Every structure is written in structure tokens, then in C-alpha cells.
Amino acid sequence: MVKFRSDIVGIDASIIMNPTVWEKSGHVKEFTDPLIECKICHQRFRADKAEEIKEHEKTHKEKVSWTEPKKFNLLLEAFVGVVEPKEKAYLRGEITQGAFVNFENVVSSTRVKIPFGIAQIGKAFRNEITPGNFTYRSREFEQMELEYFVHEKEADKWFKYWKKERIKWYQSLGMKKTNLRFRNHETHERAHYAREAEDIEYKAPFGWSEFEGIHNRGDYDLSAHNLVYKGESEQFTPWVIEASGGVDRSALFFLIDAYHEEKDRIVLKLHPKLAPYKVAVFPLLANKPELVLKAQKIYDDLKKEFNTAWDDRGNIGKRYFAQDEAGTPFCVTVDFNTLEDDTVTVRDRDTTKQERVKVSNLSAHLTFKLA
Ligand code: ATP
């Protein structure tokens, strides 16, 4: 979004924020989940998670009764300053507000014109009632968000546009179409700021689960912070279309989609852009200094361009399997032929096919393949 588009700028806003931001944004009052308590064991749950409630009821022999739902605020408090009592602040419950409170700085320093977007990535914190499902729901997590500022009359158009773009993005990085769907929020489900909300859901082993929300936030936030857009010939409060994704959640789902058990190996078929290592370099034998030296030189050169792993333990087969399991798309082996003709074996993670490539051509070869 930030690198390849000219209508979107990136920022990195603060984590600890003044309480006024969260009062104005409505989070102090409205950023709540409905909490209920099991009257038998006093464990607490979200009233809107029917599956979790059903599962819990099964753990008791007797019929479970629940307390009435009460609003539980998710904001995490922090106490700052050097004078007692310290002042209350909040850890950001969504990275979103950082885009609004920096709105004027962005407009005046980057000269963007409506329609334009502010994108960010960073930690957010919520005092979740029931963290769980691996990294799906935690109290500290990473969000990636776009706030896209538009004219009111074009809000619907951009809402549809970003829905399409975002699902296309997940698919372009390898998520299977059949594991993805949109789910529209009924009016009563929507967050306090949303005029329209559509989740992108993934068919997880624990059921269809949201991992990105596309929202039409109207002019809710900019109005709440008393902000307007001052263009060359116009001044107004833009509407905001938001794409708010979870990095941890999408990483979990990319991993699930990529995981394959084959006859004799486990392989993580991650899209090359997502693979932590793009290439691994091995000397055929760890006890032959001339091979190790040559492999090290290749490793040092590749490292400047790609995230490159090194492995000289065990035999080549085991090293291949270790890299397959970590999702490394290519392995480069330096053998005795390398010392004679300056070629190496490049082995492909998905097909397991091997080819000989000139060392002088290796970087270009990998760049081409990884693209
Ligand atoms: P949920 O209903 O699952 O609690 P939400 O609708 O409150 O999620 P949003 O406020 O729309 O979530 O946040 C945008 C995105 O941030 C979510 O789609 C999700 O990917 C991510 N996210 C929100 N809460 C968490 C969390 N506790 N752990 C990990 N990721 C989260």
C-alpha cells in the first residue's frame, strides 16, 4: 500500500496515548464486549460467542445458568508520570486513532489530496475476556490498517473497491479462495463507529473466523476529533473507509494454508514473499574446508540481497527437509563440481527438482524465481 501506491502514505503513531483521544473516539464508553459469568465455576466468557459457551456448558454435569451480560471495556490502562497518583493513559486499543490524530500533520506535510489513505502497522492491546485459539486472540497483537479518506458521495464506491482489493491481496499471497468469505455485520453487531462493516473470514480448524474488517466509519472519527480537510478550494469532513487486518491472525491462516504433509516430508508451501528465509546455502560436506569456504562466500553475497539461511549439519537430505518445513523456497548446495566449473545445485522446495546454475548468475536466477 505504501510503497507501490501514490495515494497512500505510511505513518508510525504512538502506542501510549492521551486518554482524551479515547474519550473523544468513544472507546472509553463503547469499546466493550458483553461479558457473562458461569454461575457454577465463575469462569467468564463473551456472551456473543455461542460456540465457546456451548463447549463450556458441556464441562459441567448440571445445567449451567449464566449472569446477565454486562459491558466489559477492553482498553488497557497505563499509569504515567512522576507525580503520585500517576496519570491514567491508555495503550492503544486499535492503531486506527493514530491516523486521525495525525491527520493534519499528514495533509500539511505530504500534500496528499482526497481521496487518499494513511496506512500503519503496529501493536494494539485489548484486555480480551477469552484469549486463545493459538495466536488468534491475544491481549497484545499486531494490526495493519488503512484509513482511506473520501468524499461522502463516493464512500460506497470505495467501500466496494477496498473489499475487492483486500481479498485479492490475501489470495495473491496464497490463501485458498475456498477458505475465504465475506460476512456482513448486522446493525446490532457493528462497532460504535461503523455505518457498514464486512469481515473477511477464514475457514479455520476452529470455525469461520474474522481476520480483517472493512468498515465505513463515516465522518465519525474526524468529527469527534474536530478535524476537517482543507483542500485548495474546499473544506469539509471526509468520510473514512477502513481496512483493518490482524497480522497475527493472517499469519496463522497463511501457515495453515501452506502446511502440507507429503509421503516422506512436511513442507510449508508459503508464498516466497512470506517465507522467512528465501534461500538456504549448504556446503555438501562440513569437513571439507574448500567447500565450506566457497559456500560461505556465496552465503555472504546472497545475504546482502535475500534473507539467507546457512546449514552444515547432518546430511543434505536432512537439511532439505528442515528447510522444507521452514518454508524456504530454494536451497543452494556447493559441491566438488562447484570448485571446478563454478556452478551450484539449486533445489526447488515445491517440486524438489534440482538444476545447475552458474554462481555468477545465482542472484539473478533467484530474483527471477522468487518474483
Ligand atoms: P473480534 O470480534 O474477533 O474480537 P473485532 O471485530 O473486535 O474482533 P476489530 O476491532 O475489527 O476486531 O480489529 C481489526 C482486526 O484486528 C481484526 O480483524 C483482527 O484481525 C485483529 N484483532 C482484533 N483483536 C485481536 C486480538 N485480540 N488478537 C489478535 N488479533 C486481533
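Note that this is a predicted model, so its numbers are computed, not measured. For reference, positions follow the sequence shown, starting with 1.
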Next on the checklist: Does the structure place the NZ or CZ of K163 under 6.0 Å from the centre of the six-membered ring of F182, at an angle of no more than 45° from the ring's axis?
Outcome noted: yes
Checklist entry - With distance as the sole test, does R92 use its side chain to make a donor-acceptor pair with the main-chain N or O of K123 at under 3.5 Å? => result yes
Checklist entry - For residues 108-121, which residue pairs qualify under salt bridge (Lys or Arg N to Asp or Glu O under 4.0 Å), counting only residues two or more places apart or in two chains? => result K113-E232
Checklist entry - Under 4.5 Å between side-chain heavy atoms, hopping through other hydrophobics if needed: is there a path connecting L173 to M144? => result yes
Checklist entry - How are the rings of Y320 and F282 set to each other: parallel, tilted or perpendicular (split at 30° and 60°)? => result tilted
Next on the checklist: To the nearest 0.5 Å, what is the distance between CZ on R195 and CD1 on I241?
Outcome noted: 10.0 Å
Next on the checklist: Nearest 0.5 angstrom please: H215 NE2 to F159 CZ, how far?
Outcome noted: 8.0 Å
Item to check | Rounded distance (nearest 0.5 Å) linking atom CD1 of I200 with atom CD1 of I214 | outcome: 4.5 Å
Next on the checklist: One thing to verify: whether K54 and E57 come together as a salt bridge, which I'm taking to mean a side-chain N less than 4.0 angstrom from a carboxylate O.
Outcome noted: no
Checklist entry - For atom CZ of F134, is the number of surrounding heavy atoms from other residues, nucleotides or ligands below 6.0 Å larger than 12? => result no
Next on the checklist: Does the Lys NZ or Arg CZ of R183 fall within the cation-pi geometry relative to W208 - under 6.0 Å from the ring centre and within 45° of the axis?
Outcome noted: no
Checklist entry - So, the side chain of R166 versus the backbone of G213: is there a donor-acceptor pair under 3.5 Å, distance only? => result no
Item to check | Side chains of E198 and W162, donor plus acceptor under 3.5 Å | outcome: no
Checklist entry - Hey, would you say the H192 and Y220 ring centroids sit under 6.0 Å apart? => result yes
Next on the checklist: Tell me the closest heavy-atom pair linking V150 and A155, and the distance in Å.
Outcome noted: CG2-CA, 3.9 Å
Checklist entry - Which of these passes side-chain contact (heavy atoms from CB on, under 4.5 Å) with T308: L366, I298, L302? => result L302
Checklist entry - Can you tell me if NZ on K358 sees more than 12 non-hydrogen neighbours from other groups inside 6.0 Å? => result yes
Item to check | For F149, the option from F236, W239, W158, F103 that meets ring pair (Phe, Tyr, Trp, His ring centres under 6.0 Å) | outcome: F103
Item to check | Cation-pi check, R217 onto Y193 ring (under 6.0 Å, within 45° of axis) | outcome: yes
Under 3.5 Å, which donor-acceptor pairs link side chains of residues 341-348 to any protein atom two or more places apart or in another chain?
from	atom 1	to	atom 2	distance (Å)
D341	OD1	T343	N	3.1
D341	OD1	T343	OG1	2.8
D341	OD2	T343	OG1	3.2
D342	OD1	K294	NZ	2.8
T343	OG1	R356	NE	3.0
T343	OG1	R356	NH2	2.9
T345	OG1	R356	NH1	2.7
R347	NH1	D324	OD1	2.7
R347	NH2	D324	OD2	3.1
D348	OD1	D350	N	2.8
D348	OD1	T351	N	3.0
D348	OD1	T351	OG1	3.4

Checklist entry - Below 4.5 Å, heavy atoms only, C-beta onward: do K39 and T67 meet side chain to side chain? => result yes
Checklist entry - Are the aromatic ring centres of Y170 and F211 under 6.0 angstrom apart? => result yes
Checklist entry - Got a sec: does the CD of E68 have more than 12 other heavy atoms crowding it under 6.0 Å? => result no
Next on the checklist: Parallel, tilted or perpendicular, judged at 30° and 60°: which one describes the rings of H27 and W22?
Outcome noted: perpendicular
Checklist entry - Has F79 got more than 12 heavy atoms of other residues, nucleotides or ligands less than 6.0 Å from its CZ? => result yes
Checklist entry - For Q323 and T328, does a side-chain donor sit closer than 3.5 Å to a side-chain acceptor? => result yes
Next on the checklist: Please check if the number of heavy atoms outside E87 that lie under 6.0 Å from its CD is greater than 12.
Outcome noted: no
Next on the checklist: I'd like to know if R139 pairs up with E128 as an ion pair, taking the criterion as any Lys NZ or Arg NE/NH1/NH2 lying under 4.0 Å from an Asp or Glu carboxylate oxygen.
Outcome noted: no
Item to check | Ion pair K297/D301, N-O distance below 4.0 Å | outcome: yes
Next on the checklist: For Y277, I'd like to know if atom OH has over 12 heavy atoms of other residues, nucleotides or ligands within 6.0 Å.
Outcome noted: no
